[in-house]
There are 2 protein chains.
Amino acid sequence: MLTLARATGQGTNLALVKRRRISTETIARLPLYLRCLNEINAGQLTCSSDELAAGVGVNAAQVRKDLSYFSPPGVRGVGYRVDALRDLLRTELGLTEKHRVAIAGVGNLGRAILLYPGCTDAGFDIVVAFDTDPLRIGATLNGIVVDDIANLERVVREKAVTIGIIATPAGAAQAVADRFVAAGVRSVLNFAPSVLKLRSDVQVRRVDLSTELQILSYHQGQLG
Amino acid sequence: MLTLARATGQGTNLALVKRRRISTETIARLPLYLRCLNEINAGQLTCSSDELAAGVGVNAAQVRKDLSYFSPPGVRGVGYRVDALRDLLRTELGLTEKHRVAIAGVGNLGRAILLYPGCTDAGFDIVVAFDTDPLRIGATLNGIVVDDIANLERVVREKAVTIGIIATPAGAAQAVADRFVAAGVRSVLNFAPSVLKLRSDVQVRRVDLSTELQILSYHQGQLG
DNA sequence: TAGATTGTTAATCGATTAACAATC
DNA sequence: TAGATTGTTAATCGATTAACAATC
């Protein structure tokens, strides 16, 4: 699955024809294209790369290039069929599958994530929440009973969790991440202000409020 | 301030010697280097680019290149002086100034941000919160009285807000952003799931939970 | 057919990394 | 001096964009 397969030119090797590594930049734009498509009026059957580009804030050539990796339902002179492209992106993004999500840490941020509609919306099921605080363990949040983090490995395995969200203090983040990975999780979303070191086959995304503020702070200093 | 100045070779034009545009990628790593430095034991006086690279998960050459834009306190054969480099990064990031922050939307996410210690920690003062909901207006959160968003322009001006955080539903985000900008805000942190279109002199950072989950979903599909 | 717009190649641009002289 | 490590140049790599043939 990780190898780069190319057309053999013999025409028989169809299953192998399409396997190239697509950049994270491209992948990160797909949800934005999808969102843009979802905002299009039901009566509009096609949309152009120009329209998608405007909606997402990128170049139209970028849109066509990004979509070209996925044999998109584009018609020259016409545009992309909205429905078909939406379905394609959903499929490619794996949104036709349910994802079972665990969240570690139910402080203010963890609770906000747990209650965030965007999660449950698109096929992401938060199936368990963990904390260390005896005052929080056993509480019910959004239908989830907060479990003792001591049970992490067992529960993550039992519930077949595929995505782990880390909303612990920075000091605990690495250890919790390691435990997620040991329990089989291969996708981690890290809200703690720390850079996680994990195996290269584990996908980590970082969402870091204080870093974002500091970047804005830099640009404040560059104004006028 | 936006022009590219170069050394004249005459030696007199010192004020203009150092002005180049530094990439957002580089700027975005500075807070990580700073955090890494803050975690270093007080007894350790210097640190190498290797050590910073390991802490931040990048190449050591990258670290040296990034820091080289700021005349860092590095000594060949020795490393960077920890204290001096920390001070330098704080200064360059503008963290020696106070930033006055407004937040629009005090739903679950807005409240979590308001209560997030990382904000207040590093010189970011949340000075006002806005909402449309009469049930929320007037409530006190973390010492801030929630104001009616109808007053946004006036209050943002009065309190000299420099950074606006958007934690509204997606449908309101663009309008609120436009109002922030009209009131003089030039840095916006957008937590709503939408791509804002703003003047090019306004710096926008997007933090988008559902997009992040979808990116992880894609990579789940690529696993073995 | 003329006009529109994709798909794709090639050019450009910019970021990362390797390499190494400078120098502590 | 020998060893270490920065600062910086040049090489590499990869992403974005322009251009245009294909084609509806």
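Chain naming here is simple, since letters A, B, ... match the order of the sequence lines and numbering starts at 1 in each.
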*In Watson-Crick or G-U wobble terms, both distances under 3.5 Å, what is the partner of D:dA4?*
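With both distances under 3.5 Å, D:dA4 matches C:dT23.
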*Taking a pair as Watson-Crick or G-U wobble with both distances under 3.5 Å, which nucleotide is matched to C:dA11?*
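Check on C:dA11: paired to D:dT16, both distances under 3.5 Å.
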To the nearest Å, how far apart are [X] [atom1] and [N] [atom2]?
| X | N | atom1 | atom2 | value |
| --- | --- | --- | --- | --- |
| A:Glu25 | D:dC13 | CD | C1' | 13 Å |
| A:Ile22 | D:dT16 | CD1 | P | 13 Å |
| B:Gln62 | D:dA11 | CD | P | 19 Å |
| B:Arg21 | C:dA15 | CZ | P | 11 Å |
| B:Asn59 | D:dG14 | CG | C1' | 16 Å |
| A:Asp66 | D:dT16 | CG | P | 7 Å |

_Measuring only between side-chain heavy atoms, which start at C-beta, is A:Asn108 closer than 4.5 Å to B:Ile113?_
no
Every protein N/O lying under 3.5 Å from an N/O of nucleotides 5-9 of chain D:
{"residue": "D:dT5", "atom": "O4'", "partner": "B:Gly77", "partner atom": "N", "Å": "3.1"}
{"residue": "D:dT5", "atom": "O2", "partner": "B:Gly77", "partner atom": "N", "Å": "3.0"}
{"residue": "D:dT6", "atom": "OP1", "partner": "B:Ser49", "partner atom": "N", "Å": "2.7"}
{"residue": "D:dT6", "atom": "OP2", "partner": "B:Ser49", "partner atom": "OG", "Å": "2.6"}
{"residue": "D:dT6", "atom": "O2", "partner": "B:Arg76", "partner atom": "NH1", "Å": "3.3"}
{"residue": "D:dG7", "atom": "OP1", "partner": "B:Gly74", "partner atom": "O", "Å": "3.4"}
{"residue": "D:dG7", "atom": "OP2", "partner": "B:Tyr80", "partner atom": "OH", "Å": "3.0"}
{"residue": "D:dG7", "atom": "O4'", "partner": "B:Arg76", "partner atom": "NH2", "Å": "3.3"}
{"residue": "D:dG7", "atom": "N7", "partner": "B:Arg64", "partner atom": "NE", "Å": "3.0"}
{"residue": "D:dG7", "atom": "O6", "partner": "B:Arg64", "partner atom": "NE", "Å": "3.2"}
{"residue": "D:dG7", "atom": "O6", "partner": "B:Arg64", "partner atom": "NH2", "Å": "3.0"}

Check: [X] side chain, [Y] main-chain N or O, donor-acceptor pair, under 3.5 Å:
| X | Y | answer |
| --- | --- | --- |
| A:Ser217 | B:Gly94 | yes |
| B:Asn190 | B:Ser194 | yes |
| B:Asp125 | B:Val127 | no |

Identify all side-chain donor-acceptor contacts of residues 166-183 of chain A below 3.5 Å with residues at least two apart in sequence or on another chain.
{"residue": "A:Gln174", "atom": "OE1", "partner": "A:Lys197", "partner atom": "N", "Å": "2.9"}
{"residue": "A:Gln174", "atom": "NE2", "partner": "A:Asp178", "partner atom": "OD1", "Å": "3.0"}
{"residue": "A:Gln174", "atom": "NE2", "partner": "A:Lys197", "partner atom": "O", "Å": "3.0"}
{"residue": "A:Arg179", "atom": "NE", "partner": "A:Glu153", "partner atom": "OE1", "Å": "3.4"}
{"residue": "A:Arg179", "atom": "NE", "partner": "A:Glu153", "partner atom": "OE2", "Å": "2.8"}
{"residue": "A:Arg179", "atom": "NH2", "partner": "A:Ile149", "partner atom": "O", "Å": "2.9"}
{"residue": "A:Arg179", "atom": "NH2", "partner": "A:Glu153", "partner atom": "OE1", "Å": "2.9"}

*Gap between atom CG of A:Leu37 and atom CD of A:Gln44 - 0.5 Å precision*: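 Atom-to-atom, A:Gln44:CD and A:Leu37:CG are 9.5 Å apart.
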